[in-house]
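Note on naming: letters A, B, ... go to the chains in the order of the sequence lines (proteins, then strands), and numbering restarts at 1 for each one. Quick caveat: nothing in here was measured; it's all calculated off a predicted structure.
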Number of protein chains: 2
Amino acid sequence: MKPLFHPRVEDLDLSTILHACADPTRLRLLADINTEPGKTCGTFQTELSKSTLSAHFKVLRESGLIRQELGPGNSRLNWPRTAEVQSRFPDVITAILKSATRTHG
Amino acid sequence: MKPLFHPRVEDLDLSTILHACADPTRLRLLADINTEPGKTCGTFQTELSKSTLSAHFKVLRESGLIRQELGPGNSRLNWPRTAEVQSRFPDVITAILKSATRTHG
DNA sequence: CCAAGTGTTCGTAAATTGACGAATACACGA
DNA sequence: TCGTGTATTCGTCAATTTACGAACACTTGG
């Protein structure tokens, strides 16, 4: 299997992270992952196509907001990297997630 | 003079705000405005053209992050709306600004 | 009135983004 | 081995973004 790229904590970039959060779809995905860590990609309720969803997960992963591990049956387990991001940019993600879950459901 | 549009606090949108902050140039402008409230557009150190800069200010203003008032000589005074944004999305902007000024300046 | 200073708007162009279907890659069960 | 299920990659396309110069609008000083 092709290894999935994950940036190191010291390589995290604030603008990249904010850009990843700025899309409503991705913000919802991120919130869901934080609410239910370990969810697989297929378990997210959405009307978007599989390829579009995959692209959004890629943006989240490459920004450093989530970690994607191999799960059973070629699935991907999605884990938040909130603690790591927090160590670089204190309170940014926690504040965003709090507002996101409060205002959008 | 054509009136500049400013969104009401109740119309602020988290994704719009995050998108406005996601651009490095705008994040720097926003940080500068918060550091030195009332700065005019021409006082920002940048290599971008006047029209490009104006477009960035427009994005910041229409997202609700700053307020632009008329100043002397057709200039624009730029004020942060941090407190208002804070009332809608607690800690989001303050955390972003803290990380932005700590890492980029 | 005229020139200089400050910003916005318009037209344009290159790059990026977000979306999709089709094709592909991989793991697992029968 | 052969489907089935899960997810990525590729090619395409429309829309958005970012940038610029030129033109325009407005204020102020001479």
Side-chain angles (χ1 to χ4, degrees), chain A residues 1-7 13-30 32-33 36-63 65-79, chain B residues 1-7 13-30 32-33 36-63 65-79:
Chain A
M1 214 15 231
K2 192 176 293 186
L4 297 178
F5 170 74
H6 291 87
D13 177 70
L14 183 57
S15 292
T16 305
I17 285 175
L18 294 178
H19 169 259
C21 293
D23 181 275
T25 298
R26 284 194 293 264
L27 189 51
R28 170 178 276 264
L29 293 182
L30 184 63
D32 285 357
I33 292 170
E36 197 177 334
K39 275 173 78 75
T40 58
C41 296
T43 63
F44 292 82
Q45 187 187 351
T46 173
E47 316 213 337
L48 297 173
S49 73
K50 220 168 24 164
S51 54
T52 300
L53 209 56
S54 182
H56 281 308
F57 278 113
K58 186 180 182 183
V59 172
L60 286 173
R61 175 171 47 78
E62 293 187 340
S63 75
L65 284 167
I66 67 172
R67 184 176 301 280
Q68 292 189 290
E69 288 176 4
L70 286 162
N74 209 36
S75 63
R76 300 284 184 278
L77 308 180
N78 294 285
W79 305 94
Chain B
M1 217 9 233
K2 189 176 295 185
L4 298 177
F5 171 73
H6 291 88
D13 177 71
L14 183 57
S15 292
T16 305
I17 286 176
L18 293 178
H19 168 258
C21 293
D23 182 273
T25 298
R26 284 195 294 266
L27 189 51
R28 169 178 279 263
L29 293 181
L30 184 63
D32 285 357
I33 293 170
E36 197 177 332
K39 275 173 77 76
T40 58
C41 296
T43 63
F44 292 81
Q45 186 187 352
T46 172
E47 316 213 338
L48 297 173
S49 72
K50 218 168 27 165
S51 54
T52 299
L53 209 56
S54 182
H56 280 309
F57 278 114
K58 186 180 183 184
V59 172
L60 286 173
R61 175 170 49 75
E62 294 186 341
S63 76
L65 284 167
I66 68 171
R67 184 176 301 280
Q68 291 189 291
E69 288 176 3
L70 286 162
N74 209 36
S75 63
R76 301 284 183 277
L77 308 180
N78 295 284
W79 305 95

Peer 1: Any side-chain heavy atom of L53(A) within less than 4.5 Å of one from C41(A)?
Peer 2: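 Counting from C-beta outward, L53(A) and C41(A) never come under 4.5 Å.
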
Peer 1: Select from P72(A) and T25(A) the residue whose nearest nucleotide in DNA chain C is closer to the 5' end of that strand.
Peer 2: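 Looking at DNA chain C, the more 5' nearest nucleotide goes with T25(A).
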
Peer 1: Given the structure, check if the side chain of N74(B) and the base of dT27(D) hold any donor-acceptor pair shorter than 3.5 Å.
Peer 2: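 When only heavy-atom distances are counted, N74(B) does not reach the base of dT27(D) through any donor-acceptor pair under 3.5 Å.
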
Peer 1: Please list, one pair per line, the donor and acceptor atoms closer than 3.5 Å that link side chains of residues 56-63 of chain B to other protein atoms, with sequence neighbours excluded.
Peer 2:
residue	atom	partner	partner atom	Å
H56(B)	ND1	R26(B)	NH1	3.2
R61(B)	NE	Q68(B)	OE1	2.8
R61(B)	NH1	F5(B)	O	2.9
S63(B)	OG	V59(B)	O	3.4
S63(B)	OG	L60(B)	O	2.8
S63(B)	OG	L65(B)	N	3.4

Peer 1: Determine the contact category for S54(A): base if any of its heavy atoms lies under 4.0 Å from a base atom, sugar-phosphate if only primed atoms, P, OP1 or OP2 are that close, otherwise nothing.
Peer 2: base

Peer 1: Can you tell which of dT8(C), dT27(D), dT9(C) lies closest to the side chain of K58(B)?
Peer 2: dT9(C)

Peer 1: If the condition is side-chain contact (heavy atoms from CB on, under 4.5 Å), which residues does S51(B) pass it with, not counting sequence neighbours?
Peer 2: S49(B)

Peer 1: Treat primed atoms plus P, OP1 and OP2 as sugar-phosphate and everything else as base, then score nucleotides 11-18 of chain D 5' to 3': B for base contact with protein heavy atoms under 4.0 Å, S for sugar-phosphate contact only, - for none.
Peer 2: ------SS

Peer 1: Mind calculating the distance between CG (L4(A)) and P (dT9(D)) to the nearest angstrom?
Peer 2: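 So the CG-P distance, L4(A) to dT9(D), works out to 7 Å.
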
Peer 1: Only counting residues at least two apart or in another chain, list the ones meeting side-chain contact (heavy atoms from CB on, under 4.5 Å) with A22(B).
Peer 2: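 side-chain contact (heavy atoms from CB on, under 4.5 Å) check on A22(B) returns L18(A), H19(A).
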
Peer 1: Check the distance between dT6(C)'s C1' and L70(B)'s CG and give it to me in whole angstrom.
Peer 2: 11 Å

Peer 1: Check the distance between dG18(C)'s P and L27(A)'s CG and give it to me in whole angstrom.
Peer 2: 13 Å

Peer 1: Quick one: which residue pairs count as a salt bridge (Lys or Arg N to Asp or Glu O under 4.0 Å) with a foot in residues 36-55 of chain B, not counting sequence neighbours?
Peer 2: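 For residues 36-55 of chain B, and leaving out neighbouring residues, the salt bridge (Lys or Arg N to Asp or Glu O under 4.0 Å) pairs sorted by first residue read E36(B)-K39(B).
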
Peer 1: Return the set of residues passing side-chain contact (heavy atoms from CB on, under 4.5 Å) with T40(A) (not counting sequence neighbours), or none when no residue passes.
Peer 2: T43(A), S75(A), L77(A)

Peer 1: Roughly how far, to the nearest 0.5 Å, is CZ of R76(B) from CG of L4(B)?
Peer 2: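 Between atom CG of L4(B) and atom CZ of R76(B) there are 5.5 Å.
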
Peer 1: Rounded off to whole Å, could you give me the CZ-to-C1' distance for the F57(A) and dA19(C) pair?
Peer 2: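 From F57(A) CZ to dA19(C) C1': 16 Å.
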
Peer 1: Nearest-Å distance, NZ (K39(B)) to P (dT6(C))?
Peer 2: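 Answer to the nearest Å: 13 Å.
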
Peer 1: Rounded to the Å, how far apart are R76(B) CZ and dA25(D) C1'?
Peer 2: 10 Å

Peer 1: In whole Å, what is the span from the CG atom of L60(A) to the C1' atom of dT17(C)?
Peer 2: 14 Å

Peer 1: If I take atom CD in residue E69(B) and atom P in nucleotide dC26(D), what distance separates them, rounded to the nearest angstrom?
Peer 2: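 Those two atoms, CD and P, are 19 Å apart.
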
Peer 1: Could you check which residues of residues 40-51 of chain B get a heavy atom under 4.0 Å from DNA chain C? Sort them by number, please.
Peer 2: T40(B), C41(B), G42(B), K50(B), S51(B)

Peer 1: I need the L30(B) CG to T25(B) OG1 distance, nearest 0.5 Å.
Peer 2: 12.5 Å

Peer 1: Identify, with sequence neighbours excluded, every residue that meets side-chain contact (heavy atoms from CB on, under 4.5 Å) alongside P37(A).
Peer 2: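 P37(A) satisfies side-chain contact (heavy atoms from CB on, under 4.5 Å) with W79(A), P80(A) once adjacent residues are dropped.
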
